[in-house]
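Inspection log for the structure reproduced underneath, given as structure tokens.
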Amino acid sequence: MYVEIFYVILFFVAFLYAAVGHGGASGYLALMALYGVAPEEMKPTALVLNLFVSLTSFIQYYRGGYFSRKLFIPIAAASIPLAFIGGMITVEENIYKRILGILLLFPVIRFFFFKNVDDSELKPHNTTIAVVTGGVVGLLSGMIGIGGGIILSPILLLLHWTNQKQTAAISAAFIFVNSVAGLGGMVTQGISFTGDMVMYIMVAFTGGLLGAYLGSKKFNQNVLKYVLATVLLMASYKLLLTKA
């Protein structure tokens, strides 16, 4: 029964994240943490799921014409090597869960309090800030086992560099390359996956495929954001305020 519930939740986590342009690693990590999966299995598993879901999401938003290569390149150029280094760093389990709980608050704040930026409000990006931001987010992403989109997205919106769908497109691409780099770093230290990896991929990919398509073309983004933010807030509370 608990296994079936896990897969149902995994499907909807992938669906909701992909619908708003994210890979979902933070959601997968929170779900696995709540189900008692060991961090050394959680991190690479979440990043592999990220690869499938973020790529699906990116393709949909790219086809819609929302991707800015000019902004993506300096951010990714700094994030990729530092995500690799971050993937080589091991964090103690209790500290790991607390950090993950804090990171889950980033999308909660973004989805509840950040309104979409109108095209008239957009500003040209600053390359230096873009590089520094990419590097910091990349390092943290590799350490925790996320793609970093949940941290990057609110920054892009706060700086008025992108609107909501442009943010989704850049975040999806950012998540994909960071996930590859983070996995590369983990491989150098030894890597292990949960035995249910194939089923995880099938469920997450199906949810992500459906979510990316409907999120980019059909659904009301505000409704999706509030639902996802509520789920992540509950997961963050569980990780931060309950004993391991």
Least distance between heavy atoms, A46 atom then Y28 atom: O-CD1, 4.0 Å
Decide side chain to side chain contact (heavy atoms under 4.5 Å, CB included) for M186 and L47; before the verdict, give the C-alpha distance in whole Å, the side-chain angles of both, and the deciding distance to 0.1 Å. CA-CA 10 Å; M186 291 176 196; L47 289 179; 3.3 Å; yes
Could you report the tightest heavy-atom contact between L29 and G145, atom names first, then the distance? CD1-O, 3.5 Å
Out of curiosity, does V48 fall in the hydrophobic cluster containing F6 (side-chain heavy atoms, cut-off under 4.5 Å, transitive links)? yes
Going by heavy atoms in the side chains, are S68 and T162 under 4.5 Å from each other? no
Return the minimal non-hydrogen interatomic distance between S141 and N178, and the atom names on each side. OG-ND2, 4.2 Å
Measure the CE-CD distance between M88 and Q189 for me, rounded to the nearest 0.5 Å. 4.5 Å
Side-chain touch L233/Y237, heavy atoms, less than 4.5 angstrom: no
Please name the residue in the list V137, L103, L105 that meets the side-chain contact (heavy atoms from CB on, under 4.5 Å) test with I150. L103
Given the rule that I, L, V, M, F, W and Y join up when any side-chain heavy atoms are under 4.5 Å apart, are L139 and V136 in one cluster? no
Do I99 and V108 land in one hydrophobic cluster if side-chain heavy atoms of ILVMFWY residues count as linked below 4.5 Å? yes
Hydrophobic cluster identity match, V187 and L51, side-chain contacts under 4.5 Å: yes
About how many Å separate CD1 of I155 and CZ of F106, when rounded to the nearest 0.5 Å? 7.0 Å
Tell me whether M143 is reachable from V132 by hopping between hydrophobic residues (I, L, V, M, F, W, Y) whose side-chain heavy atoms are closer than 4.5 Å. no
Closest non-hydrogen atom pair between T45 and M32, with its separation: CG2-SD, 4.0 Å
So do T167 and Y61 actually touch side chain to side chain, heavy atoms under 4.5 Å? no
Without swapping roles, check the side chain of Y200 against the backbone of L49 for a donor-acceptor pair under 3.5 Å. no
Student check: side-chain heavy atoms of W161 and I129 closer than 4.5 Å: yes
Between atom CG of L31 and atom CD1 of I5, what is the distance when rounded to the nearest 0.5 Å? 11.0 Å
Strictly by modelled atom types, are S171 and S153 linked by a side-chain donor-acceptor pair under 3.5 Å? yes
For atom CZ of F72, decide whether the heavy atoms of other residues, nucleotides or ligands shown that lie under 6.0 angstrom number more than 12. yes
Working to the nearest 0.5 angstrom, can you tell me the gap between L122 CG and L159 CG? 11.5 Å
Atom pair NZ (K70) and CD1 (I170), whose distance is rounded to the nearest 0.5 Å: 12.0 Å
Per ring pair (Phe, Tyr, Trp, His ring centres under 6.0 Å), F58 is matched among F174, F52, F67 by F67
I need the L158 CG to I109 CD1 distance, nearest 0.5 Å. 11.0 Å
Compare all side-chain heavy atoms of Y62 with those of R69 and state whether any distance is below 4.5 angstrom. yes
Which heavy-atom pair separates A181 from I80 by the least distance, and what is that distance? CB-O, 3.2 Å
Main-chain N/O of G135 paired with S79 side-chain donor or acceptor, under 3.5 Å: no
Between T206 and F15, is there a side-chain heavy-atom distance shorter than 4.5 Å? no
Show the nearest heavy-atom pair for residues V177 and A76, with the distance to one decimal. CG2-CB, 4.4 Å
Contact between Y96 and I144 at the side-chain level, heavy atoms closer than 4.5 Å - yes or no? yes
Are any of the side-chain heavy atoms of L55 and I175 separated by less than 4.5 Å? no
